[in-house]
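Read the structure below first, then the notes.
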Amino acid sequence: MGKVLVFLEQREGQLKKASLDLLLLAAERARASGSGPVAAVLPGPVETAGLPPVEGTLYHASDPSLALYNQYSYAALIQEVLALEGAVELLFADTALAHDLAPLLSVRLHASLLQGCSGLPAPGGPSMRPLYSGAAIGEFTSSAPLRILTLSPPPERPTPAGGGSLRVIPLPVTKSTGLSALVREVVLQSGMPDVSEAGIIVAGGRGVGGAEGFRMLEGLALLLGGAVGASRSAVDEGWRPHSEQIGQTGKSVAPALYIACGISGAVQHLAGIGRAGTIVAINSDPHAPIFGAADYGLIADLHTALPAFTLAVRELQELK
Ligand SMILES: Cc1cc2nc3c(=O)[nH]c(=O)nc-3n(C[C@H](O)[C@H](O)[C@H](O)COP(=O)(O)OP(=O)(O)OC[C@H]3O[C@@H](n4cnc5c(N)ncnc54)[C@H](O)[C@@H]3O)c2cc1C
């Protein structure tokens, strides 16, 4: 197999966990298959000292002008590194940024593109992607000289194996085409991690009953250091932002703990939580399909159960 380039994504100087996991996976695959060290590209000012110990090369464009995402300057940078490395595979973590950037590169480079792959394909082997809300798995091969994949996070964090270190090569900023420029950045301050990165998610559905009802879920999520998620019904009602929607037309999540409150468990919702660790469901209907996916189920009115649950968590934390 030819060379592989991993895109490392940062936000406000912090590397995204999903792209670090991807780097570890790619390095492990390269080590196991003997296909040589991986290369990575990182736009934006980030402290690289804490990067995982993997064998390979990191092309780092640390100019402050790249701190915020710009489709054209990021694409130009990646194109430059692809040419330097002669890579045949470009890997992204499956994030909103990747959904914007990967299609542009695919068109520019006449590369094949597959988004939302489940796991790294074997070297030169077909890529896999869930279809029909996870009811089937599709296998895709590519005859293009470059294939671009966006990968959903693995269910478990990969551990660094084999040791080694990344050789950092500084890159100057590639001149942007000027097709777009940042006008204004609007930051939503929730004080919580993004659902796609969170280790714990407290998610609510129509059963929560309204935007006000989600305050309870926020309280529990903050206590647990997690994030609030939502079903499409809750988002369609305008109770929560679309950035929190989980499922087929929302985000695919992989928390260690997923607490579903007042969510029926429609197949389109379950499609987004297939890689969650432990699933806890609170629902007043004993026949709700969510109980079929849950590890622990509580048949109860969430308006009674959740405050009691939150209180118990708070008391446990105070005992520590
Ligand atoms: C093409 C397509 C894409 C879709 N994409 C998504 C997606 O990405 N994500 C998604 O979530 N959905 C998606 N849907 C919608 C999906 O089919 C369901 O309609 C939706 O998930 C239902 O949301 P819900 O569980 O919150 O609401 P409901 O199905 O109405 O369930 C509400 C649940 O709350 C329970 N409940 C009510 N009151 C209480 C209470 N007081 N205490 C405890 N439990 C209570 C009820 O028993 C019920 O089980 C999609 C649908 C289509 C067709």
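Counting convention: from 1, in listed order, for ligands and their atoms alike.
Atom CZ of Arg215 sits in a crowded spot, with more than 12 heavy atoms from other residues, nucleotides or ligands closer than 6.0 Å. For CD of Gln79, the number of neighbouring non-hydrogen atoms (other residues, nucleotides, ligands) closer than 6.0 Å is greater than 12.
What sits closest to atom 9 (N) of ligand 1 on the protein, heavy atoms only, is Ile246 O, 2.8 Å. With hydrogens left out, the protein atom closest to atom 39 (C) of ligand 1 is Ser284 OG, 3.5 Å, a heavy atom. For atom 37 (C) of ligand 1, the closest non-hydrogen atom on the protein side is Gly207 CA, 3.4 Å. Protein heavy atom nearest atom 20 (C) of ligand 1, with residue, atom name and distance: Ser233 OG, 3.6 Å. Protein heavy atom in closest approach to atom 21 (O) of ligand 1: Ala266 CB, 3.8 Å. From the protein, the heavy atom lying nearest to atom 26 (O) of ligand 1 is Ser231 OG, 2.6 Å. Ranking protein heavy atoms by distance to atom 29 (O) of ligand 1, first place goes to Ser264 OG, 2.7 Å. Summary of contacts: the protein heavy atom closest to atom 3 (C) of ligand 1 is Arg232 NH1, 3.1 Å.
Here is the list of ligand 1 atoms found below 4.0 Å of a heavy atom in Gln245: 7 (C), 8 (O), 9 (N). Remark: ligand 1 atoms within the under-4.0 Å shell around heavy atoms of Gly247 are 7 (C), 8 (O), 9 (N). Below 4.0 Å from some heavy atom of His303 lie the following atoms of ligand 1, by number and element: 41 (N). If you number the atoms of ligand 1 from 1 as listed, the ones under 4.0 Å from a heavy atom of Gly250 come out as 8 (O). Near Gly205, with a cut-off below 4.0 Å to any heavy atom, the atoms of ligand 1 are 26 (O).
Using a distance-only test at 3.5 Å, with no hydrogens or angles considered, a donor-acceptor pair links the side chain of His303 to the main chain of Val208. For the pair Glu85 (side chain) and Leu5 (backbone), a donor-acceptor distance under 3.5 Å is absent. Looking only at distances, no side-chain donor or acceptor of Glu244 sits under 3.5 Å from a matching main-chain atom of Val195. With hydrogens and angles ignored, the 3.5 Å screen pairs a side-chain donor or acceptor of His269 with a backbone N or O of Ile246.
Ion pair Glu218/Arg240 flagged as a salt bridge, since at least one NZ, NE, NH1 or NH2 atom sits closer than 4.0 Å to an Asp/Glu carboxylate oxygen. Taking the charged nitrogens against the carboxylate oxygens, Arg206 and Glu237 do have a contact shorter than 4.0 Å, which makes a salt bridge. Under a 4.0 Å N-O distance rule, the pair Asp194/Lys251 qualifies as a salt bridge. We find that Glu89 and Arg147 are joined by a salt bridge, their nearest charged nitrogen and carboxylate oxygen being less than 4.0 Å apart.
Where the criterion is an N or O separation shorter than 3.5 Å, residue side chain and backbone included, Ala234 fails it with respect to ligand 1. Of the N or O atoms in Gly262, one or more lie within a sub-3.5 Å distance of an N or O in ligand 1. The shortest N/O to N/O separation between Leu302 and ligand 1 falls below 3.5 Å.
The option from Asp236, Asn283, Thr249 that lies nearest to atom 49 (O) of ligand 1, judged by heavy atoms, is Asn283. Of the listed options His269, Gln268, Glu237, Gln268 places a heavy atom closest to atom 17 (O) of ligand 1.
With no hydrogens or angles considered, no side-chain donor-acceptor pair links Asp285 and His287 at under 3.5 Å.
Relative ring orientation between Tyr69 and Tyr74 is described as perpendicular, the plane-to-plane angle rising above 60° on a 0-90° scale split at 30° and 60°.
Ligand 1 has Ala300 within reach: a non-hydrogen atom of the residue lies less than 4.0 Å from it.
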